[in-house]
4 protein chains.
Amino acid sequence: MPKLPPKRLESRRQAILEAAERAFARDGFHGTSMQNICREAGISPGTLYLYFPSKVALIAGLCERDRNEIKAALIEVENAPNILEALEDMLVHYACVEPHERRALMFEIGAEALRNPDIAKLMTETDDAFTAMIRATVVGAVDAGRIKPHGDIDTIFDLLSALGDGILWRATLRPDLDHRNSIRRIFALVRQQLLTSTTDTPLACPA
Amino acid sequence: MPKLPPKRLESRRQAILEAAERAFARDGFHGTSMQNICREAGISPGTLYLYFPSKVALIAGLCERDRNEIKAALIEVENAPNILEALEDMLVHYACVEPHERRALMFEIGAEALRNPDIAKLMTETDDAFTAMIRATVVGAVDAGRIKPHGDIDTIFDLLSALGDGILWRATLRPDLDHRNSIRRIFALVRQQLLTSTTDTPLACPA
Amino acid sequence: MPKLPPKRLESRRQAILEAAERAFARDGFHGTSMQNICREAGISPGTLYLYFPSKVALIAGLCERDRNEIKAALIEVENAPNILEALEDMLVHYACVEPHERRALMFEIGAEALRNPDIAKLMTETDDAFTAMIRATVVGAVDAGRIKPHGDIDTIFDLLSALGDGILWRATLRPDLDHRNSIRRIFALVRQQLLTSTTDTPLACPA
Amino acid sequence: MPKLPPKRLESRRQAILEAAERAFARDGFHGTSMQNICREAGISPGTLYLYFPSKVALIAGLCERDRNEIKAALIEVENAPNILEALEDMLVHYACVEPHERRALMFEIGAEALRNPDIAKLMTETDDAFTAMIRATVVGAVDAGRIKPHGDIDTIFDLLSALGDGILWRATLRPDLDHRNSIRRIFALVRQQLLTSTTDTPLACPA
DNA sequence: CATGAATGAGTGTTCATTCAT
DNA sequence: CATGAATGAACACTCATTCAT
């Protein structure tokens with residue numbers, strides 16, 4: 001029987017999560033104390049623990065929030081006229097448009113997942129959902145004859161998954177490089193050699 | 001003015017580094033205390049600080065040691081008859097043969113690089129050296145007519161770099177998947193669609 | 001100016017006290033939080049503080065309740081045909097029949113009394129009432145010629161008081177020993193050497 | 001390989017234990033923070049944890065120290081010409097001569113034993129050693145014909161154990177009463193009715 | 001009367017680092 | 001060169017209590 005309306009509680013929860021994200025992004029997970037987060041959120045430690053039972057729970061909360069965000073982004077990709085283009089835009093967004101801190105945080109959550117099974121589970125689920133969704137969309141496009149894969153479709157998926165993760169990793173660890181340009185060129189290559197759109201101009205035989 | 005012979009000093013340093021690596025791999029960077037490392041190395045804290053000025057310096061030391069190891073591995077790749085095959089083997093080695101802890105540590109060093117410019121510099125240098133080396137080798141092979149790139153050579157390099165990093169990332173975060181098989185198939189695809197060996201049986205035109 | 005009928009208030013008070021006792025007995029005074037008690041009682045902290053102004057007040061409440069219980073037990077002793085037998089039964093009850101948690105709680109209340117004068121006062125009053133009552137009863141029996149004390153009657157009382165407290169202390173701290181048997185034998189000895197019932201078979205002179 | 005001489009370490013340990021005792025006696029076990037103890041001992045928290053691994057370990061240390069003290073006291077009792085007199089003096093010492101805080105601390109250690117098996121074990125061992133020693137001494141005196149028990153010797157022991165504990169309990173919880181006088185009278189009664197010294201003037205038959 | 005969200009000082013404990021020996 | 005005792009700020013987390021609703 002909550003005294004405050006549920007909406008108030010939920011918005012408070014979100015505000016705390018955002019404060020935690022700012023603090024984590026600024027100082028890193030291990031460099032951020034609960035007191036820091038409290039100060040950032042303008043609340044007391046007691047209140048913080050009313051909403052999140054532990055520091056790890058904050059990371060889990062952020063992880064879940066990201067998961068929801070990615071799911072939403074995926075639905076957009078799903079409905080896009082050109083799936084490769086949509087994926088490319090999504091990658092540019094996370095690799096270049098979002099601030100560096102955002103990627104750093106993602107990286108640290110990954111590191112945390114290596115030691116914490118709960119976080120690992122959240123990440124695994126997100127990853128699986130992502131892959132399954134892309135696969136369904138592309139397979140649909142292939143079946144509809146709008147895309148032609150050059151090679152085993154499963155292998156192309158594995159390659160694309162690794163490619164996406166690798167681009168994000170490099171965007172995080174090598175902020176000095178021009179990833180936007182790199183992504184554009186890589187995707188052009190993918191379109192040419194791995195997943196040809198049949199509605200585009202036909203490609204010359206590579207041999 | 002060291003009074004001990006430099007060899008003795010250096011071997012001590014290496015022993016400490018190895019102890020640190022064991023401890024970090026077991027408990028994570030933030031889960032390992034300097035006392036743990038001392039116990040693992042069989043020395044006192046005072047002695048540890050004689051060889052390494054801080055905990056981060058240990059990570060930097062490990063990072064540098066890894067860099068040297070990778071450079072050695074690269075030279076092997078450089079001299080290999082088939083560069084793609086050598087790269088593939090190297091990837092299988094780091095993604096599947098080396099124990100999971102090794103990858104986890106690499107990941108944590110990456111996370112540390114995000115907060116520490118010294119570590120970042122070490123990683124960047126290693127990455128650049130790696131890329132430059134691969135590029136030189138492949139370009140040599142292309143010029144010699146032993147390999148034929150299907151597309152812009154720089155783009156292929158970017159793709160391969162991201163692909164390699166992504167495969168390692170996935171091997172670290174998704175230890176439940178069969179990465180060995182995945183790598184084999186991806187490299188077959190790469191050989192077919194991106195970097196064809198002219199000494200192999202010519203490929204059929206994919207279109 | 002209470003608006004609820006006093007009975008309702010009082011029964012609520014008792015219910016809270018019982019919940020607190022359960023929680024204290026389970027986890028100890030210092031191991032029990034006010035939130036635990038609230039959960040046990042099915043009320044909110046605000047309500048708890050409406051009935052008891054502090055955590056110590058709960059202990060005081062329990063102490064007072066115990067006092068009333070002991071007073072009731074004393075009246076039974078007072079009316080018993082054989083006072084020593086009644087005392088013995090009472091001791092067996094508190095030392096062996098009641099669950100260990102009950103004694104532990106009594107012990108913890110004692111510890112609290114050492115730091116809190118209010119609690120100390122309650123305990124002292126109970127102790128005095130107890131002693132006075134026993135004394136009156138026994139003196140009555142002596143005057144009536146039903147019991148014959150072997151020695152100074154005040155000293156026998158002091159000994160009996162200490163004996164009773166000591167038996168309870170030992171029953172609390174040494175739950176591994178057989179206190180029931182011990183009490184039976186001690187009381188037989190007391191009857192033989194300290195307080196002889198003249199209605200029983202006369203005792204032989206111990207010398 | 002301790003750098004400091006073992007004596008220095010041990011004296012430091014003892015100094016910390018004494019500081020802890022002062023603090024516990026003043027404010028109670030749960031009312032004393034580790035910081036308080038550090039201030040009292042003039043050391044830092046880190047140093048405190050170098051000597052004692054936890055707060056409970058401090059209580060255990062005090063408990064063990066008390067045990068040794070009691071053992072020493074017992075040896076004196078053992079060698080005393082009149083064992084009952086020696087026991088009486090020992091009781092007077094702990095009940096009346098030692099400061100109230102000492103008893104309060106003993107009480108709190110008892111309370112802690114109810115929740116902590118390690119402490120309970122220490123207390124049980126001390127108690128058993130105490131009882132065994134007294135029994136051996138008294139049985140020796142009985143066999144030598146210097147003391148004559150009036151009743152079953154085991155029962156007399158149980159009664160004496162409970163009596164001693166009860167006197168200490170009462171001395172702790174009722175500091176307002178005159179325990180010295182009470183003990184003198186109780187022991188006189190014991191000598192008269194339970195354990196007669198055959199070297200003293202023979203007692204008249206109580207009947 | 002009752003609620004429960006909010007508080008914030010306080011808890012026991014850790015750990016990277018220093019320095020006298 | 002090596003030691004290890006000592007440090008003390010910092011940590012994640014708790015809990016008796018309050019008060020606006």
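Below, read A as the first sequence line, B as the second, and so on, with proteins coming before strands; counting in each chain starts at 1.
- Using a 4.0 Å heavy-atom criterion, one finds that A/Met34 contacts the sugar-phosphate atoms exclusively.
- Note on A/Ser33: only backbone sugar-phosphate atoms sit closer than 4.0 angstrom, heavy atoms only; bases stay farther off.
- As a whole-Å value, the separation of D/Ile37 CD1 from E/dT13 C1' is 13 Å.
- Remark: C1' of E/dT14 and CG of B/Asp27 are 15 Å apart, rounded to the nearest angstrom.
- Take the nearest nucleotide of DNA chain E for A/Ser44 and for C/Gly42: the residue whose nucleotide is more 5' is C/Gly42.
- Counting to the nearest Å, the C1' atom of E/dA6 and the CZ atom of A/Arg13 are 18 Å from each other.
- Ranked by how close their nearest DNA chain F nucleotide is to the 5' end, A/Phe29 and C/Pro45 are led by A/Phe29.
- Looking at D/Phe107 and D/Leu173, their side chains come closer than 4.5 Å, going by heavy atoms from C-beta outward.
- Once rounded to the nearest 0.5 Å, the distance linking NZ of A/Lys55 with OG of A/Ser33 reads 7.0 Å.
- Listed candidates were F/dT7, F/dC13, F/dA9. Nearest to the side chain of D/Ile43 is F/dT7.
- We find that CZ of D/Arg39 is positioned 13 Å from C1' of E/dT11, with the value rounded to whole Å.
- Across the interface with DNA chain F, nearest-nucleotide mapping of B/Leu48 and C/Gly31 shows B/Leu48 to be the residue nearer the 5′ end.
- Rounded to a whole Å, the NE2 atom of B/His30 is 19 Å from the P atom of E/dT14.
- Remark: E/dT21 base-pairs with F/dA2; criterion is Watson-Crick or G-U wobble with both hydrogen-bond distances under 3.5 Å.
- Side-chain contact check for B/Gln14 and B/Glu10: at least one donor-acceptor pair (N or O, by modelled atom type) lies under 3.5 Å.
- Distance from the side chain of A/Lys55 is smallest for F/dC13 among the nucleotides F/dC13, E/dT13, F/dT18.
- Residue D/Arg8 contributes atom CZ, which lies 15 Å from atom P of E/dA20 at whole-angstrom precision.
- With E/dG8, F/dA2, F/dA5 as the candidates, the nucleotide lying closest to the side chain of B/Arg12 is F/dA2.
- Rounded to whole angstrom, the span from the CZ atom of B/Phe52 across to the P atom of E/dA16 amounts to 15 Å.
- Applying the 4.0 Å criterion to OP1 and OP2 of F/dA5, one finds that D/Tyr51 has every side-chain N and O outside that range.
- In this structure, C/Asp27 does not pair ionically with C/Arg22, as no charged nitrogen and carboxylate oxygen lie closer than 4.0 Å.
- Salt bridge annotation for C/Glu125-C/Arg67: present, with a cationic side-chain nitrogen under 4.0 angstrom from a carboxylate oxygen.
- Base pairing of E/dT7: its partner is F/dA16, meeting the Watson-Crick or G-U wobble criterion (both donor-acceptor distances under 3.5 Å).
- Spacing between atom CD of D/Gln35 and atom C1' of E/dT14 amounts to 13 Å, rounded to whole angstrom units.
- Among the heavy atoms of the strands lying under 4.0 Å from B/Thr47 is at least one base atom, whether or not backbone atoms are also near.
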